[in-house]
Amino acid sequence: MSEGIMIILSSPSGAGKTTLVKLLSERKNLVTSISHTTRTPRSNEVNGEDYHFVNNQKFNKMISNNEFLEYAKVFNHLYGTTKLNVLKELGKGRNVIFDIDWQGTNQIISQKLKNKLVTFFILPPSREELFKRLSNRDMKDKLIAEERMKQFDKDVLRWKDYDYVIINNNLEICYNQISKYIDCEINGKETSYNKILIENHLKKLTS
Ligand code: 5GP
């Protein structure tokens with residue numbers, strides 16, 4: 001039996017990536033990697049399903065025990081992917097999907113694991129929509145929406161590190177596009193995305 005492939009979805013915060021990862025994980029040939037984080041849970045989040053929520057002490061212990069495949073500091077909190085589960089699932093031939101940032105993606109790329117790696121970068125449809133999404137999460141997050149908009153201008157530049165860049169204008173269309181690319185990659189078919197369209201969209205997002 002052949003090993004599974006690794007699929008990473010990254011985006012500036014608020015581009016709708018977490019919803020996409022949830023939808024993709026419902027496909028029968030994909031499992032989600034559940035990260036550890038030191039941030040506090042949002043009102044709708046469940047420990048062990050959305051994240052494993054741990055304190056700084058526990059996270060730092062896991063770092064010294066070399067338990068992480070990758071980890072990074074994002075918005076002042078630590079986030080990381082543990083090796084054990086991911087390698088077990090890949091070994092069983094399951095494809096694993098990761099919702100991680102560009103720092104973690106670069107760490108995984110540079111490890112050059114034997115498993116095929118496919119990376120997606122998701123863009124919001126506009127700055128206005130992004131701000132709306134960031135403000136809508138819950139009251140506490142409204143206070144940091146502006147800070148995250150500033151971060152957006154930096155994070156969006158990372159699109160260049162990824163295999164595919166997709167605009168999340170409409171959830172269903174975006175999901176179908178990603179799904180199609182994943183199928184092609186699993187089946188070893190050549191594929192590509194429209195770079196000119198993306199570059200024009202990026203100009204609008206950053207001007
Ligand atoms: P949030 O706090 O909004 O759930 O996530 C903030 C950011 O952390 C998102 O960009 C998300 O992709 C990223 N993130 C979540 N889990 C991990 C992880 O395990 N490793 C890394 N490097 N980033 C993560």
Side-chain angles (χ1 to χ4, degrees), residues 6-25 31-56 58-63 65-87 89-90 96-111 113 117-124 130-159 161-162 164-166 168 174 178:
M6 306 170 78
I7 300 152
I8 295 180
L9 260 75
S10 296
S11 72
S13 185
K17 166 196 47 164
T18 306
T19 315
L20 283 165
V21 170
K22 280 212 172 112
L23 282 177
L24 288 164
S25 69
V31 292
T32 318
S33 159
I34 300 171
S35 298
H36 281 69
T37 183
T38 59
R39 100 155 148 68
T40 46
R42 297 193 180 111
S43 50
N44 60 337
E45 287 178 327
V46 178
N47 191 22
E49 282 181 24
D50 298 283
Y51 283 104
H52 300 288
F53 294 98
V54 294
N55 61 23
N56 272 298
K58 165 91 176 151
F59 200 100
N60 285 322
K61 187 134 190 262
M62 291 174 76
I63 296 175
N65 288 345
N66 200 21
E67 289 182 48
F68 288 113
L69 187 63
E70 63 74 32
Y71 68 91
K73 198 169 209 181
V74 189
F75 301 122
N76 287 328
H77 297 292
L78 291 163
Y79 294 82
T81 309
T82 48
K83 285 179 205 166
L84 198 66
N85 243 351
V86 168
L87 298 180
E89 294 290 358
L90 291 169
V96 181
I97 186 155
F98 303 80
D99 172 346
I100 62 174
D101 83 330
W102 62 270
Q103 304 173 82
T105 305
N106 285 346
Q107 289 173 40
I108 292 184
I109 292 172
S110 64
Q111 288 183 42
L113 299 175
L117 174 63
V118 188
T119 59
F120 292 91
F121 195 76
I122 315 297
L123 295 174
L130 178 68
F131 189 76
K132 218 160 70 191
R133 287 180 190 174
L134 288 175
S135 310
N136 270 348
R137 283 186 170 159
D138 63 31
M139 284 310 287
K140 201 168 129 229
D141 279 9
K142 262 190 184 163
L143 302 170
I144 56 171
E146 297 216 356
E147 186 194 320
R148 290 196 170 194
M149 287 301 288
K150 284 190 207 137
Q151 191 65 35
F152 169 80
D153 291 321
K154 291 185 200 152
D155 288 348
V156 76
L157 304 174
R158 295 288 164 178
W159 71 275
D161 304 340
Y162 287 76
Y164 298 95
V165 184
I166 318 262
N168 185 10
C174 186
I178 297 173

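For ligands, and for the atoms within them, numbers begin at 1 and follow the listed sequence.
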Could you check which of I8, D101, I108 puts a non-hydrogen atom nearest to atom 22 (N) of ligand 1?
-> D101

With the threshold set at 4.0 Å, does a side-chain nitrogen-carboxylate oxygen contact exist between K22 and D50?
-> yes

Of all heavy-atom pairs between A72 and Q107, which one has the smallest distance, and what is that distance?
-> CB-NE2, 4.4 Å

Hey, do the aromatic rings of F59 and F68 have their centres closer than 6.0 Å?
-> yes

Nitrogen or oxygen atoms of E70 and ligand 1 under 3.5 Å apart = yes

Cationic tip of R158 above F121 ring, under 6.0 Å, 45° of axis | no

Atoms of ligand 1 close to K17 [distance to a heavy atom under 4.0 angstrom, numbered from 1] = 9 (C), 10 (O), 11 (C), 12 (O)

Atoms of ligand 1 less than 4.0 Å from R42 heavy atoms?
-> 1 (P), 2 (O), 3 (O), 4 (O)

Going by the atom numbers of ligand 1, which of them fall below 4.0 Å from some non-hydrogen atom of R148?
-> 3 (O)

With only distance considered, is G80 within less than 3.5 Å of ligand 1 through an N or O on each side?
-> yes

Mark up the atoms of ligand 1 that fall under 4.0 Å of a heavy atom belonging to G104, in ascending order.
-> 22 (N)

So, is Y79 polar-close to ligand 1, with some N/O to N/O distance under 3.5 Å?
-> yes

N or O contact, E45 vs ligand 1, cut-off under 3.5 Å | no

Should you measure from each heavy atom of T81, which atoms of ligand 1 turn up under 4.0 Å away?
-> 19 (O)

Near A72 (heavy-atom distance under 4.0 Å), the atoms of ligand 1 are 22 (N)

Among F68, F75, Y51, closest by any non-hydrogen atom to atom 1 (P) of ligand 1 | Y51

Contacting atoms of ligand 1, where contact means under 4.0 angstrom from a heavy atom of R39 = 1 (P), 2 (O), 4 (O)

